[in-house]
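Each remark here refers to the structure printed beneath this line.
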Amino acid sequence: MATLTGDGCFLMSAMELSTAAREGLPVKIFVLDDHAFHYMQMLQEPAFKRTTATHLAAIDYCAFAKALGVAYQEIVHAGQLDAAIRNVIAHPGPVLVRVQTDYGNRKIRWIEAVRKRFSKELTASQKVRFLARIGTRSFDMKHEKND
C-alpha cells in the first residue's frame, strides 16, 4: 500500500501516519516536497497576478517520522529513485519518504482544463469584474517596479 502526495496535502492528513505506526501497517507515504501549495500557486498566479498563503514552512520530515516511530527515507535527486523505492517497498512497516521536488515551469494539464471549464461558466459581469481585477493588479505591479 502506497500513497503519493504533495507536501500541502500531507499537512492536512499527516496524522494518519500515526495510525499506520500504531497498527504496524506497511503503508509507504511518498511526499513531494516543494515547500508550497503548488497547485494553488498555479491557479492564483494567472488569475490574480500574485499568490497568497501558498508557501509552506520547512518541515523536518525525519523528526516527524521519528516522533511517530516510523521509518524514514529521503530522495533528493533522480539518481536515488530506483534504489530508494526498492528499499522503501522492502521495509515491512510504515515508511515516510520525502521526495525533494522542483516543478519548475511545468504546466499541469488538469489545472488548464479546470480553468477552461470554469471560465466558460462565469457570467459576462463576472468575467468583466475578473478581468478588471487582473488588469488593475498588473498595472499596480508594473507601477511598483518603476518606483
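This is a predicted model, so every value here is computed, not measured.
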- Task: Give, for atom CD of Gln80 and atom CG of Asn87, the distance between the pair rounded to the nearest 0.5 Å.
- Result: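 So the gap between those two atoms works out to 10.5 Å.
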- Task: To the nearest 0.5 Å, tell me how far Asp34 CG sits from Thr101 OG1.
- Result: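 Here the rounded value is 6.5 Å.
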- Item | Glu23: partners by salt bridge (Lys or Arg N to Asp or Glu O under 4.0 Å), with sequence neighbours left out |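 Not a single residue meets the salt bridge (Lys or Arg N to Asp or Glu O under 4.0 Å) criterion with Glu23.
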- Message: According to salt bridge (Lys or Arg N to Asp or Glu O under 4.0 Å), who are the partners of Asp82, at least two apart in sequence or on a separate chain?
- Response: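 So Asp82 forms a salt bridge (Lys or Arg N to Asp or Glu O under 4.0 Å) with Arg86.
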So which heavy atom on [X] is nearest to which on [Y], and how close?
X	Y	answer
Val27	Ile29	CG1-CG1, 3.7 Å
Ala71	His91	CB-NE2, 3.6 Å
Val97	Ile75	CG1-CD1, 3.9 Å
Ala21	Pro94	CA-CG, 3.9 Å

- Query: Does the side chain of Val88 come within less than 4.5 Å of Lys28's, by heavy atoms?
  - Reply: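 When only atoms from C-beta onward are counted, Val88 and Lys28 do touch, with a gap below 4.5 Å.
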- Query: Can you list every pair that meets side-chain hydrogen bond (donor to acceptor under 3.5 Å, both in side chains) and has a residue in residues 58-75, with sequence neighbours left out?
  - Reply: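 Found Tyr72-Glu74, Glu74-Arg98.
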- State which residues pass ring-ring contact (aromatic ring centres under 6.0 Å, His included) with Phe30; sequence neighbours excluded, sorted by chain then number.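 So Phe30 forms no ring-ring contact (aromatic ring centres under 6.0 Å, His included) with any residue.
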- Message: Using the side chain to side chain donor-acceptor pair (under 3.5 Å) criterion, which residues pair with Thr123? Sequence neighbours excluded.
- Response: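 If we apply the side chain to side chain donor-acceptor pair (under 3.5 Å) test to Thr123, skipping adjacent residues, the hits are Ser125, Gln126.
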Any chain of hydrophobic side-chain contacts (each under 4.5 Å) joining [X] to [Y]?
X	Y	value
Val95	Ile89	yes
Val76	Leu96	no
Leu25	Val31	yes

Under 3.5 Å, which donor-acceptor pairs do the side chains of residues 11-18 form with other protein atoms, sequence neighbours left out?
from	atom 1	to	atom 2	distance (Å)
Ser13	OG	Cys9	O	3.3
Ser18	OG	Met15	O	2.6

